[in-house]
Structures are given as C-alpha cells and as structure tokens.
Amino acid sequence: MHADLVFTGGHVYTADQARRRLVPAAAAQSGPPASAVAVAGGKIVAVGPDGDPQIRDLTGPATQIIDLRGRALLPGFQDAHVHPAFAGVTMIGCNLIGAATLAEALARIRSYADSRPGLPWIAGAGWRMEWFPGGTPGRELLDQVTGGRPAFLLNRDAHGAWASTRALELAGIDARTPDPPDGRIERDSDGSPQGSLHEGAATLVGRHVPPVSVADRLAGLLLAQAHLHARGITAWQDAIVGDYLGSADPLPVYLAAARSGQLTARVEGALWWDRHRGGDQLADLLGRREEGQAGRFRANTVKIMQDGVAENFTAGMIEPYHDACGCQTANRGLSYVDAAELRDVVTRLDADRFQVHFHAIGDRAVRESLDAVEAARAANGANDHRHHIAHLQLMHPEDVPRFAALGVTANMQALWAAHEPQMDDLTIPFIGPERTARQYLFGDLLRSGARLAAGSDWAVSSANPLRAIHVAVNRALPGASGGEAEPFLPEQGLSLAEALGAYTAGSAYVNHLDGETGAIEPGMLADLTVLDRDPFDAPPGEIAATRVLLTCVEGERVYTADDL
C-alpha cells in the first residue's frame with residue numbers, strides 16, 4: 001500500500017488529551033518531533049520525522065507530496081457552536097455581516113433594496129447594537145433606505161431585530177400590542193413601537209417574512225461551508241437546527257446536502273428546544289433524531305436557550321442589572337425555561353440519550369444549567385452524553401468547579417473576551433465592577449479541571465478560529481489600539497497550546513468525534529489544516545495574522561489557498 005498524500009518538512013502538532021492542549025507530535029513516546037505525515041484511504045497511516053523509513057516506504061510514484069517548508073500541520077479546527085445554515089442565508093440576502101459602520105450598513109441596505117425593486121420584503125442580518133444609542137435602532141432610519149417597504153433585519157447575535165414601519169404595520173404591532181413573555185418591544189415615548197424587537201418579540205414580525213426557497217437555503221449552506229473550510233474548519237456543531245425567529249428549519253437542507261455528498265464537513269446538529277411547547281415535544285425530537293442521520297450529518301443533540309444577552313438586559317442574572325446611573329434595578333433578566341422545568345426536561349433528555357447544548361450568558365442561567373445536569377446525573381447516573389454550556393459570559397465563582405465535577409464541557413466563544421464597544425458601552429456599565437471581573441473565566445475553568453471546547457457563534461462574530469485563539473491568549477482584539485488594547489482580565493488568558501487544544505481536541509470531544517479526529521495519530525481520519533507559519537514560533541500578538549493554506553477532510557482537499 002502506498003500513501004495517497006505525504007506531508008514533509010513541517011511542524012506537526014497533535015492532542016495531549018491528559019493536559020488538554022496541542023503538543024508537537026512525535027514518532028514514538030521518546031522520539032524526535034514529527035515533521036512528516038502519511039495519509040492513505042482517508043486516514044493517517046504514519047507520523048514521524050523526515051526520512052522516516054516507514055513513510056519513505058509508503059511513498060510511491062502516485063503519492064502527492066506537500067513540502068510544508070517549516071509551516072505547521074494541525075488537526076482540523078472544529079467549531080462547537082456555529083450557525084452556518086443561518087449565516088449562509090444571510091450571505092445571499094441583505095448581508096450586513098462585516099459592515100464596519102452604520103453608514104456602510106445603510107449603504108448596503110439601500111443598494112440591496114434598490115437592486116431588487118420587485119422584492120416584497122427586505123430581509124437579512126448582521127447589524128451591530130453599538131451603532132445606535134442604547135443599542136436600539138429606530139424604524140424611520142430603515143424606512144429611508146428601503147423606500148417604505150417592509151424590512152426585517154436580525155442583529156448580529158440574532159437576539160433582536162430591526163423592523164421598518166411597514167413591517168410593524170403588517171404584523172399588527174402598535175402601542176396596544178403587549179410584550180410577549182420571552183421578549184420586549186422597544187417603544188417610543190407614546191408607547192408606539194420604536195423599531196427594535198428584543199428576543200421573542202422579533203418573532204412577531206419574523207413569522208410574516210416570506211420563506212427562503214429550499215434551493216437558496218442549500219446554496220447558502222454550501223457557501224457557508226466553503227467559508228468555514230477556508231478557515232481550517234473540518235467539523236462543527238450547528239447550534240440551532242429548528243425554527244427560530246422566523247428562520248426556516250435547516251434540517252431538510254442538511255440532509256439533502258449529506259445525502260448528495262455535498263456536505264464535506266462533519267456536522268452535529270443541535271435540535272432546537274421550543275421554549276413554548278414544554279415536554280410534549282420530546283416525542284418529536286426523538287423522531288427528528290432518527291430522521292437526522294445521513295452521511296456526515298448527525299442530530300443527537302438538543303439545544304436549550306436558557307437566557308438572552310446582557311446588552312438588552314435579558315441574560316439571566318443572580319443579582320439585578322444596574323441602570324445608566326449605576327443604581328440597582330429590579331430586572332434580573334429572563335429564564336426562558338423555568339428552573340424546575342429545566343431540571344425535569346434535561347433529566348428526560350439525558351435519559352433518552354440526548355446531548356444537551358445550553359446557551360447561558362448570565363450567572364443565573366449558568367447555575368440553572370449546571371443544576372439541571374446535576375439533577376440528570378442524580379436520576380440517571382453517569383453517562384457519556386457530553387453535555388456542554390456555551391458562552392458563559394458571567395459566572396459565579398462557586399459554579400466554576402462544578403463543570404469538572406459534573407463532566408460538563410465549557411464551550412467558549414473566546415473572541416468576545418476583550419474590550420470593544422459592545423462590552424464597554426452596553427455591558428460593563430449595567431453589570432458593575434464586581435460582575436465585570438467575573439466574565440469569561442476560561443483560565444479559572446481550565447485550572448479547575450474543566451474541559452474546554454471552542455466555537456465562534458458565526459455569523460454573530462468572525463468564524464476565524466485564529467482570531468478567537470488570539471483573543472483567548474491575549475485577551476485583546478487583533479489590531480486593537482487605545483483602551484481596547486488593554487487586556488481584559490488577562491489572568492483568565494490561555495496559553496496558545498491550550499487554546500488550540502480547545503478548538504481541535506476539545507470540540508472533537510463535544511462532537512463525539514474524538515475517537516476519529518482532533519489529533520494527528522495513525523488510525524485517525526486525515527482531517528487536517530496547514531497554516532502559513534508555525535504560530536508557536538511567532539509572538540503572541542501575531543497569532544491572528546496566521547492564515548490557513550490548506551484544509552483536508554479524509555485527505556481530500558476542501559480548501560486550498562493560492563499561495564500554498
């Protein structure tokens with residue numbers, strides 16, 4: 001047997017599962033660092049130094065040889081919390097992702113609307129809260145750039161929407177419309193809708209937006225997949241597979257792509273828990289899990305969103321929010337699922353062998369999620385379902401050691417752990433200094449023995465793992481200057497090896513792929529990423545400048561840079 005592909009002359013890194021980090025791979029326990037890897041039949045068949053006799057014998061006349069020239073070869077990145085199906089639809093709609101300013105966003109909206117005069121609705125996503133006073137845009141501004149047409153634009157974190165006057169009228173929303181239990185209609189002084197709809201209130205308009213065709217949704221998913229592959233990502237967990245704020249269920253599109261062979265990534269789908277239905281949806285979820293198994297796609301997870309976000313005061317807090325003057329209010333945010341009901345629901349899901357993927361931003365939501373897993377453990381005993389809690393913006397110190405004790409993985413979105421306008425203007429003033437010091441406690445979690453996984457939450461923020469890893473290490477955004485360059489709680493930073501480990505082996509564990517991927521060892525699948533340099537040889541401040549040159553899934557190229 002000859003190898004299909006051989007990498008030589010590089011720095012090869014693999015997972016140290018015991019220490020939960022990436023380390024230089026070696027041919028043997030005490031052998032020299034590996035610089036060559038052979039791939040055959042989609043699997044890694046040999047790892048060793050250049051000139052290794054086994055790799056030399058595996059190299060035949062048809063073997064493709066890639067000289068890494070001192071660059072790094074890593075296990076493929078895996079995103080443990082991402083929304084490619086949603087992002088793909090956004091990319092082919094009115095796309096505000098990446099707009100740097102409000103002026104640029106308005107120009108994009110106007111251009112999109114003007115080029116589609118017959119389109120009945122203007123729909124898209126990606127605006128940023130810090131562009132507007134209080135984080136809440138008004139409908140009049142949207143009316144000006146859409147010509148009075150109905151328009152509905154989700155913000156970048158999909159926890160709220162911006163609606164035009166005509167859209168609000170078509171949805172029947174006026175001063176008399178009550179707030180739904182799981183959201184809030186932002187209002188002008190006379191009680192009429194301002195144009196911002198928080199959380200579940202966005203559904204009041206979103207359900208009136210014409211659905212995107214299946215063909216366009218498939219095209220969007222494949223566009224998103226290419227975007228992720230170009231960033232070295234070979235597997236992910238889609239954190240919402242279901243109907244959310246008017247967005248169509250992506251399960252049929254994933255299954256179509258998987259069955260046709262167009263889904264080249266490995267995907268775990270997190271089936272959406274409808275907070276309005278309660279326990280009677282368990283039978284439906286069991287059916288959707290059975291249906292959701294095709295090719296490289298599996299749906300063995302249930303996603304429960306336990307709270308909102310801090311910027312709109314819906315993240316669930318133990319203590320109340322402050323107002324703009326620093327005084328304590330009566331608002332402690334939301335728990336979308338009652339705490340007692342959550343314990344029952346998670347216990348039942350755990351008994352039915354589902355993994356549970358929690359969204360928890362506030363410290364109360366984190367505690368309620370941990371309490372639910374603890375109840376499930378008490379009722380059902382230990383198992384290998386690998387429940388995980390995503391985001392973890394605020395945590396009470398007493399809850400940090402519970403992750404390791406309960407076997408719950410901390411699913412971090414490290415790019416957020418930095419000073420930037422949304423953090424400095426819309427969060428810190430309303431949570432106060434004591435809670436500010438308890439944000440994104442990645443270092444404490446790791447030191448307590450918790451397992452870390454990593455994700456981007458794209459299209460909420462950049463899908464680039466290396467930008468997130470940069471922040472996990474430096475606790476500052478790439479290229480930040482002034483006050484934003486000041487590290488945010490630097491004692492919570494990770495080493496480069498630890499951050500890379502979370503984005504590879506840690507996420508592979510969450511996705512139940514650790515027996516096949518997440519490490520470079522003989523017998524593992526050849527899901528690999530080549531970087532344009534060895535990031536361990538560069539200063540920490542240059543991590544984000546690292547680029548992906550090649551991404552392989554089972555040894556097949558799914559992305560190749562022009563300058564490989």
Side-chain angles (χ1 to χ4, degrees), residues 13-23 75 78-81 237 301 306 318 346 350 355-414 416-417 437-455 468-469 471-473 475 488-515 517-519:
Y13 292 92
T14 190
D16 179 339
Q17 295 287 5
R19 293 188 294 161
R20 298 175 183 175
R21 64 185 67 195
L22 282 194
V23 297
Q78 299 195 26
D79 195 315
H81 184 107
Q237 185 162 144
T301 300
Q306 183 56 12
I318 296 172
V346 172
D350 182 77
Q355 177 187 79
V356 181
H357 180 159
F358 298 89
H359 163 117
I361 293 280
D363 51 7
R364 189 183 75 239
V366 173
R367 177 168 291 177
E368 289 169 346
S369 300
L370 289 167
D371 288 347
V373 175
E374 187 170 49
R377 292 276 187 265
N380 303 329
N383 54 51
D384 194 35
H385 300 337
R386 306 184 184 183
H387 306 310
H388 51 118
I389 304 176
H391 308 324
L392 303 168
Q393 179 170 353
L394 273 165
M395 293 182 59
H396 193 284
E398 292 177 2
D399 290 320
V400 170
R402 298 179 68 196
F403 282 79
L406 293 169
V408 175
T409 299
N411 187 338
M412 63 179 187
Q413 284 61 62
W416 306 345
R438 294 196 272 110
Q439 292 191 86
Y440 303 116
L441 303 180
F442 306 146
D444 284 352
L445 283 162
L446 191 67
R447 288 185 286 270
S448 74
R451 188 185 300 272
L452 301 183
I469 289 165
V471 177
V473 174
R475 302 287 288 203
F488 181 69
L489 306 178
E491 68 278 8
Q492 298 300 333
L494 304 176
S495 71
L496 177 59
E498 291 163 348
L500 285 168
Y503 238 118
T504 52
S507 295
Y509 174 85
V510 159
N511 288 327
H512 286 268
L513 291 171
D514 53 311
T517 67

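Keep in mind that what you see is a predicted model, and the values were worked out from it rather than measured.
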> If the condition is salt bridge (charged side-chain N to carboxylate O under 4.0 Å, His left out), which residues does Asp399 pass it with, not counting sequence neighbours?
Arg367, Arg402
> Report the residues that fulfil side chain to side chain donor-acceptor pair (under 3.5 Å) with Arg386, sequence neighbours left out, ordered by chain and then residue number.
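Residues passing side chain to side chain donor-acceptor pair (under 3.5 Å) with Arg386: Asp384, Asp514.
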> Shortest non-hydrogen contact from Phe442 to Ala417?
CE1-CB, 3.9 Å
> Would you indicate whether the side-chain heavy atoms of Val510 and Gln355 approach each other to under 4.5 Å?
yes
> CG/Leu513 to OG1/Thr504 distance, rounded to the nearest 0.5 angstrom?
12.5 Å
> Under the rule for ring-ring contact (aromatic ring centres under 6.0 Å, His included), what residues qualify as partners of Phe403, not counting sequence neighbours?
none
> Using side-chain contact (heavy atoms from CB on, under 4.5 Å) as the criterion, list what pairs up with Ala499, not counting sequence neighbours.
Ile469, Ala472, Val473, Leu494
> Return the CZ to CZ distance between Arg451 and Arg20, rounded to the nearest 0.5 Å.
4.0 Å
> Can you sort out the partners of Ser369 under side-chain contact (heavy atoms from CB on, under 4.5 Å), two or more places apart, ordered by chain and number?
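For Ser369, the residues satisfying side-chain contact (heavy atoms from CB on, under 4.5 Å) (neighbours in sequence not counted) are Gln306, Phe358, Ala360, Ile389.
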> Which residues pass the ring-ring contact (aromatic ring centres under 6.0 Å, His included) test with Phe488, not counting sequence neighbours?
His419
> Could you measure the distance from the CE atom of Met395 to the CG atom of Leu370? Nearest 0.5 Å is fine.
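Met395 CE to Leu370 CG: 6.5 Å, rounded to 0.5 Å.
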> Could you tell me which non-hydrogen atom of Ala505 sits nearest to which non-hydrogen atom of Gly518, and how far apart they are?
CB-O, 3.7 Å
> Taking all non-hydrogen atoms of both residues into account, name the closest pair between Pro490 and Arg475 and its distance.
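Closest pair (atom of Pro490, atom of Arg475, distance): CA-CG, 4.0 Å.
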> Quick one: list whatever passes side chain to side chain donor-acceptor pair (under 3.5 Å) with Tyr440, sequence neighbours left out.
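Tyr440: side chain to side chain donor-acceptor pair (under 3.5 Å) contacts with Gln393.
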> side-chain contact (heavy atoms from CB on, under 4.5 Å) with Asn383: which residues, sequence neighbours excluded?
Asp350, Arg377, His385
> What residues form a side chain to side chain donor-acceptor pair (under 3.5 Å) with His359, not counting sequence neighbours?
Asp307, His391
> Just by distance, no angles: are the side chains of Asn411 and His388 close enough, under 3.5 Å, to form a donor-acceptor pair?
yes
> First locate atom OG1 of Thr301, then atom CD of Gln237, and finally report the distance between them rounded to the nearest 0.5 Å.
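Here the rounded value is 4.5 Å.
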> May I ask you to test the Val366-Leu394 pair for a side-chain heavy-atom distance under 4.5 Å?
no
> With sequence neighbours left out, write down each residue that passes side chain to side chain donor-acceptor pair (under 3.5 Å) with Arg21, or none if nothing qualifies.
Glu498
> Tell me, please, which residues at least two apart from Arg364 pass salt bridge (charged side-chain N to carboxylate O under 4.0 Å, His left out).
Glu368
> Could you tell me if the side chain of Leu392 sits less than 4.5 Å from the side chain of Met412, heavy atoms only?
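No, too far: nothing below the 4.5 Å cut-off.
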